[in-house]
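The structure presented is a predicted model; accordingly, all values stated were derived computationally and were not measured. Note on naming: letters A, B, ... go to the chains in the order of the sequence lines (proteins, then strands), and numbering restarts at 1 for each one.
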Amino acid sequence: MSIAKTYNPKETEEKWYKTWMEQGFFRSKPNPRKQPYTIVIPPPNVTGVLHMGHMLNNTIQDVLIRRARMQGKEACWVPGTDHASIATEAKVVAMLREKGIQKTDLSREEFLEYAWEWKNKYGGIILEQLKKLGASCDWDRTRFTMEPDLTKAVIDVFVDLYRKGKIYRGVRMVNWDPVGLTAISDEEVIAKETTAKMYHLRYKLEGSEEFIVVATSRPETIMADVAVAVNPNDDRYKHLIGKNVLIPLLNRAIPIIGDEYVAMDFGTGCLKVTPAHDLNDYELGVKHNLPVIDILNDNGTLNEKAVLYVGQDRFAARKQIVKDLEPAGLLADVKEYASVLQTSERTGAVIEPKLSMQWWVKMDTLAKPALDAVMNDDIKLHPPKFKNMYRSWMENVRDWCISRQLWWGQQIPAYYLADGSFVVAPTLEEAVEMAREKTGNQHLTESDLRQDEDVLDTWFSSWLWPISVFDGFKDPDNKDINYYYPTNDLVTAPEILFFWVARMIMAGYEYRKEMPFKNVYLTGIVRDTQGRKMSKQLGNSPDPLDLIEKYGADGVRTGMLYSSPAGNDLLFDEKLCEQGRNFSNKIWNAYRLISSWECDQTLESPNESAIAWFESRFNQEFAVLEEHFEKFRISDALMTVYKLVWDDFCSSYLEMIKPAYQKPIDPHTLKATHHFLENILKVLHPFMPFITEEIWHELKERPVKDCLIIAPWPKIDKVDTILLEKMERVLDIVAGIRHIRNTKNIPNNKALNLHVKTASPHYYNGFESIIRKLANLETVSYSEAIIDNAISFVEGPDEYFVPMEGNIDVEAEKDRLQKELEYTKGFLASVDKKLSNERFVSGAPAIVLEKEYQKKADAEAKIKALEESLAALA
RNA sequence: GGGGUGUUAGCUCAGCUGGUUCAGAGCACCUGCCUUACAAGCAGGGGGUCACUGGUUCGAAUCCAGUACGCCCCA
């Protein structure tokens, strides 16, 4: 045989991906005769590399898009990347540092030049990696969130929302990343549980030797204290309200104020108020009209307003001040407590709540339609358990901080005049016009305006993605946007349900008056077998490309999907890819077998039952498959196909029809088998595109355009349930005989005889040959008699006897039959009990009752058969 | 602290609107096989009081309540 014994993925993957590209099968353009099916890729970070999360996510998208394509829809999967401002800027800064260049040495323009250079060098890597996976994106449509058209969309949206009053500028408490030196959004903050220390500090009452004890986790911020607050209902302290205390070490006097916000049972009941460095304190400060003293620099060191420890890092200062407080007798106690540390998702730095001037998007009116769309299922989340989470977030949504103190990104189109006032306009020229109008000064020029230094949050680009990739801002009535929007399915991780999904929905309703997608499939997180998140630090993440190299893209794709129900984390094990590879090999060998058959045109088909059975079986499982797809149960869909191919097609059907060694096959069976294999390749193709395309072409010569990737998806068809039931019994009989072989150590190549005790031998017409073949039988006989010296078993109403040469172990046989008899009698008793219960008989629906009577009859027949066999043995 | 969600074979998970042919699947495991498509394989097999307690019902893995533990989101 010339075909390799094992499937070799490497050659075929490259070959077919190239062919698909050349033939333009991935390309899509609006076609009014076809129904559109659209997916926009969740744009990966432009400087990133493929990780396991991408593999899972993009495999699912490819499965969906390939199925849609075969269903004859106009399938369009739009790829692209986002500019990931903070992550990319960090990488560029690190690259420059290696070259000995500080970011601060460069002008904005010079820095951006380096950044673009970096982007152009590494920006395409991740998309190339997706091709290795088999991703059938329309690469001609590749977009990037910082390309000119998309940038223009971002700027225009900013200006538009500003003019609608939905964007404003203001001083607010933000999450400050002292390492990244930028504000970040609430969603980019990760809470980490830790044990922290609570320091109890003595604040002396002014003009007295008495003191009160204040509990704080941040003693280094006492220099920023502007008050001490107590609960006015607190008998311990209420008489002190209005008096002053002295800040330890610093001896600056601050007032004691009363506010019910203070929890009497937390700490000591005395709260130091530091408006510049804590959100709650800030609000308290506003309420009580307190000043704000900000003692921290942007990088987390103390500034001169602190007076003490100036220039020291906040954590160094904390250590030092504790050392200084203790000998001064100002440290009353130190207690450990469980606390939550806010850290930056990007840099890992401990977040500093910081008051600063930023740009914000008002969320209230934007959120409303986005909430409704999900709650009323216009947009469906899969699995739906995420609806609750979505609602609670959207109902408590806070304004979105969109300015970032970075250079890599879209610079905010706000232009300041010398007096600090500003205008917002899409271009500098328009800004000058506006400024002239605003000031009445017609002599203003471009040089009188200074553009805001900050850039916009990357999500402020990404939230426009489903519209902007189709140029829906540039040209709101263009053919593409009208055809492809709203898109169908979005596949992404639950972690970005709010950052991204919710905001795309908002943008969709704001700018298209319509949802951006109909379904959101939320994947799980890929973890290792111990349940740990995959990360570079742990080194527990395999390189996806190595896996593809080792197991083939098809193997890895199926490996990813085997255990990935929607919304559940996937405990990834390389063994899953191995299983995928083994499956590839199984399919390959089925093809190898079929292709090895010589056809003799003169032969009649002996396989009518087998052919009719598999046809029904395929149709039955195909309907199940379709249902899984409709419900976005992708791993169940794969498992359905897996079992259909392995168990039904290979283990049963092919064994039934396989001609004897080196014997030819009849034309009818061969044709049917080819047809079945083609159907199997079709339903496998979305999961395993490469091997299926390869076999599709190996099976026969085809015209260039006749590729599996665009072959028509099967349709739901008739199922002969009676035939299916019959064959199920036939296969049970075969298993029964094989079981006897196993327990009696009878080799497979030794033919056996079978006697069937039956009242209806005609039942076996058309099936006897299958039983003979699969169980290796010499003769099959039928009568209503019982056979001596045989091992027997019961299936349905009939009993099967395999005569044994020599003596059988009568006692052991009796024992076995006795046990089965007991069990069946017990079963019958439970059925009888139910049927003798009047409330059951009167209350249960007719179908249930009927089933019970059937069970009773079956059990009685079986008991009768078993008793006869036992009697025969005695 | 508030809200959500889950607890089914060794592991990962299915079990829709309650009806014992629903206690399932895949993997893992055990036994026997190098049987000419495939040892990346074939055949057969064992394994779970469906977390715990109580309730509703003729009947509960499936509905309700509570307990324990886990995870997620928000404070």
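- Nucleic acid contact class of A/Asn585 (heavy atoms, under 4.0 Å, all strands): base.
- Each of A/Ile770, A/Ile722, A/Asp732 was compared with A/Met727 under the side-chain contact (heavy atoms from CB on, under 4.5 Å) criterion, and only A/Ile770 meets it.
- For the pair A/Trp646 and B/C42, the criterion of a side-chain N or O lying under 4.0 Å from OP1 or OP2 is met.
- Both A/Trp393 and A/Asn749 lie close to RNA chain B; mapped to their nearest nucleotides by heavy-atom distance, the more 5′-ward contact belongs to A/Asn749.
- Contact annotation for A/Tyr642: backbone-only contact, meaning every heavy-atom pair under 4.0 Å involves sugar-phosphate atoms and none involves a base.
- Ring geometry, A/Trp646 versus A/Tyr642: the interplanar angle falls from 30° to 60°, so the pair is classed tilted.
- Heavy atoms of A/Asp573 sit nowhere under 4.0 angstrom from any nucleic acid atom.
- For B/A40, the OP1/OP2 oxygens have no side-chain nitrogen or oxygen of A/Asn589 closer than 4.0 Å.
- Of the candidate nucleotides B/C38, B/C27, B/A43, B/A43 has the atom lying nearest to any side-chain atom of A/Asn742.
- Put simply, A/Arg741 has no side-chain N or O that comes within less than 4.0 Å of OP1 or OP2 on B/U31.
- Taking a 6.0 Å sphere around CD of A/Glu627, one finds it holds 12 or fewer heavy atoms contributed by other residues, nucleotides or ligands.
- Comparing B/G10 with B/G47, their C1' atoms sit 9 Å apart, to the nearest whole Å.
- Contacts of A/Arg581 with the nucleic acid, taken as non-hydrogen atoms under 4.0 Å apart, include base atoms.
- With B/A39, B/G26, B/A43 as the candidates, the nucleotide lying closest to the side chain of A/Ser651 is B/A43.
- For A/Lys586, a side-chain nitrogen or oxygen approaches OP1 or OP2 of B/C42 to under 4.0 Å.
- Taking side-chain N and O atoms only, A/Lys575 has no distance below 4.0 Å to OP1 or OP2 of B/C11.
- Screening A/Asp648, A/Asp647, A/Thr673 for a side-chain hydrogen bond (donor to acceptor under 3.5 Å, both in side chains) involving A/Tyr653 leaves a single residue, A/Thr673.
- Not a single donor-acceptor pair, N or O on each side, falls under 3.5 Å between the base of B/A43 and the side chain of A/Glu655.
- In terms of phosphate contacts, A/Asn748 brings no side-chain nitrogen or oxygen within less than 4.0 Å of OP1 or OP2 of B/C42.
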